[in-house]
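In the text below, chain A, chain B and the rest are named by the order of the sequence lines, each starting its count at 1.
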Amino acid sequence: MGRIPCCEKENVKRGQWTPEEDNKLASYIAQHGTRNWRLIPKNAGLQRCGKSCRLRWTNYLRPDLKHGQFSETEEHIIVKFHSVLGNRWSLIAAQLPGRTDNDVKNYWNTKLKKKLSGMGIDPVTHKPSSHRMWGRGLGIMFALPFSYFLRKGYITLRLGVQLSGLFALGAGQGLIGWWMVKSGLEEPPSEYSQPRVSPYRLAAHLTSAFAIYCGLFWTALSVVMPEPPAESLAWVRGAAKVKKLALPVSLIVGITTISGAFVAGNDAGRAFNTFPKMGDTWIPDNIFEMKPLLRNFFENTATVQLDHRLLATTTLIAIGTMWWFTRKLDIHPAVKALIGSTVGMTAVQVTLGVLTLLSYVPVSLGSAHQAGALTLLTLMLLLNHTLRRPSPSLLKSLPQVAKSNFS
DNA sequence: AAACGCGTCAACCGCATTCGA
DNA sequence: ATCGAATGCGGTTGACGCGTT
């Protein structure tokens, strides 16, 4: 099926127009106007098809065309009309004297689409994108029941303060999110460097999300379980011992999670995709290459990733150690189960992390690794919550040793 | 240094609509 | 009023320049 492009003529030139051709076409049109595009190339002595000439004229040579950058006003007009007209480029271009449909279409596809989605607006529907809507929705989902329960008198002063604090954190989270995408829009500091979301702000957004989650989970646990499970004084003493280990271990888990947020912020998982070595060496030689030494820990891909590897390993060892030293203690079986779960979850999480790295951070594995971090944090919270010291009144009522319904 | 990746933009292609004999 | 040619339109392509590996 040999399809003839647009005109039957074999000897038509295609591709970029030369200045000579432009001159021929422009001067011909200046004399004769644009009556019949089919005849124009013949009469003007051009080896082009009429369609090509028309395109060249309307999109480039026409004297009433504007050529420079789009102004801010023009940009607003495009966005506004696109939101009601959709991809009706010629209609939109009609609102902008001196611009063609092709110009507008190109500008939309190359610049405006990205700009809008960067501002959290979906370029197809012109509505705020789902992530933001979820954020706002969550605010309402929190506030409505809160005011209801408050009126009903279910909320104690202490709980009210806690919940208000969490709500404020949530609002702050929205602000950080806005501040974050804003950084992706600002002009890059130098001409060569892609504008992108600041690693600090992304890390802050992520860390804050984890913090809010932890706060919510802890608060919820405290409402559901005002007293820790404690059936004997022996178990209470055991819990106190475990707690000495569990607290620092939780701290390490928390720090590792934050370090993971910086890995995400710097896209640091897209380099050194080998394990256990980083490339050919154990420690890359440029880890202290940036000027203020401290900056390396937050912005240097190699250092950030190395940190996370070290911290993750430390976490694994720490949790293993906690399990080892508590395995023979006389403690509540729930605590034992929890410690076992943390060991298992840490192993899963480390494996996931290594897999994610080795396969160049596919979204699925990256998300799974993030979810794993959340799960591990949850387990640590559960553990610490379970290990709280019972209230004095409960302590008084406890027997020395638990009634052994199992050994 | 060569290959590669990426953004930009002019140009192309095929279909839809309008025009004019 | 009708039918083929001309024109309009929007999605898509690909050449080019530039920076990175």
**Asked** Out of A:Leu251, A:Thr257, A:Thr256, which residue meets the side chain to side chain contact (heavy atoms under 4.5 Å, CB included) rule with A:Val253?
**Response** A:Thr257
**Donor-acceptor contact below 3.5 Å, side chain A:Gln305 vs main chain A:Ala271** = yes
**Prompt:** Does the side chain of A:Phe81 reach to within under 4.5 Å of the side chain of A:Val104, using non-hydrogen atoms?
**Reply:** no
Output side-chain donor-acceptor pairs under 3.5 Å for residues 155-171 of chain A, partner residues at least two apart or in another chain, one line each.
from, atom 1, to, atom 2, distance (Å)
A:Thr156, OG1, A:Leu159, N, 3.2
A:Ser164, OG, A:Gly160, O, 2.7

**Prompt:** Which of these nucleotides, B:dC12, B:dA11, B:dC9, is closest to any side-chain atom of A:Thr110?
**Reply:** B:dC9
**Asked** Any side-chain heavy-atom pair from A:Arg48 and A:Arg56 closer than 4.5 angstrom?
**Response** no
**Asked** A:Gln370: what forms a side-chain contact (heavy atoms from CB on, under 4.5 Å) with it, not counting sequence neighbours?
**Response** A:Leu206, A:Phe210
**Residues within residues 70-99 of chain A bordering DNA chain C, heavy-atom distance below 4.0 Å** = A:Asn87, A:Arg88, A:Trp89, A:Ser90
**Request:** Send over the distance from A:Tyr60 OH to B:dC9 C1', rounded to a whole Å.
**Result:** 11 Å
**Request:** Go through the structure and list residues passing side-chain contact (heavy atoms from CB on, under 4.5 Å) with A:Leu112, not counting sequence neighbours.
**Result:** A:Glu75, A:Ile78, A:Val79, A:Tyr107, A:Trp108
**Request:** Rounded off to whole Å, could you give me the NZ-to-C1' distance for the A:Lys111 and B:dG7 pair?
**Result:** 9 Å
**Item:** Separation of atom NZ in A:Lys51 from atom P in B:dC15, rounded to whole Å
**Value:** 10 Å
**Request:** Starting from P on B:dG7, measure out to CH2 on A:Trp108 and report it in whole angstrom.
**Result:** 18 Å
**Message:** Can you identify which nucleotide, out of B:dA11, B:dG7, C:dC9, has its nearest atom closest to the A:Arg56 side chain?
**Reply:** B:dA11
**Asked** Nearest-Å distance, OH (A:Tyr360) to P (C:dT21)?
**Response** 14 Å
**Asked** What salt bridge (charged side-chain N to carboxylate O under 4.0 Å, His left out) pairs are there with at least one residue in residues 86-108 of chain A, not counting sequence neighbours?
**Response** A:Glu74-A:Arg99
**Spacing between A:Arg48 atom CZ and B:dC13 atom C1', to the nearest angstrom** = 15 Å
**Request:** Take atom CG of A:Leu39 and atom P of C:dA6, then tell me their distance rounded to the nearest Å.
**Result:** 8 Å
Short heteroatom pairs, N/O only, protein and nucleotides 12-17 of chain C, under 3.5 Å:
none

**Asked** How many Å lie between CG on A:Asn59 and P on B:dT8, as a whole number?
**Response** 18 Å
**Asked** Can you tell me if the side-chain N/O atoms of A:Arg38 get under 4.0 Å from OP1 or OP2 in C:dA6?
**Response** yes
**Asked** Any sub-3.5 Å donor-acceptor pair from A:Arg388's side-chain atoms to A:His385's backbone N or O?
**Response** yes
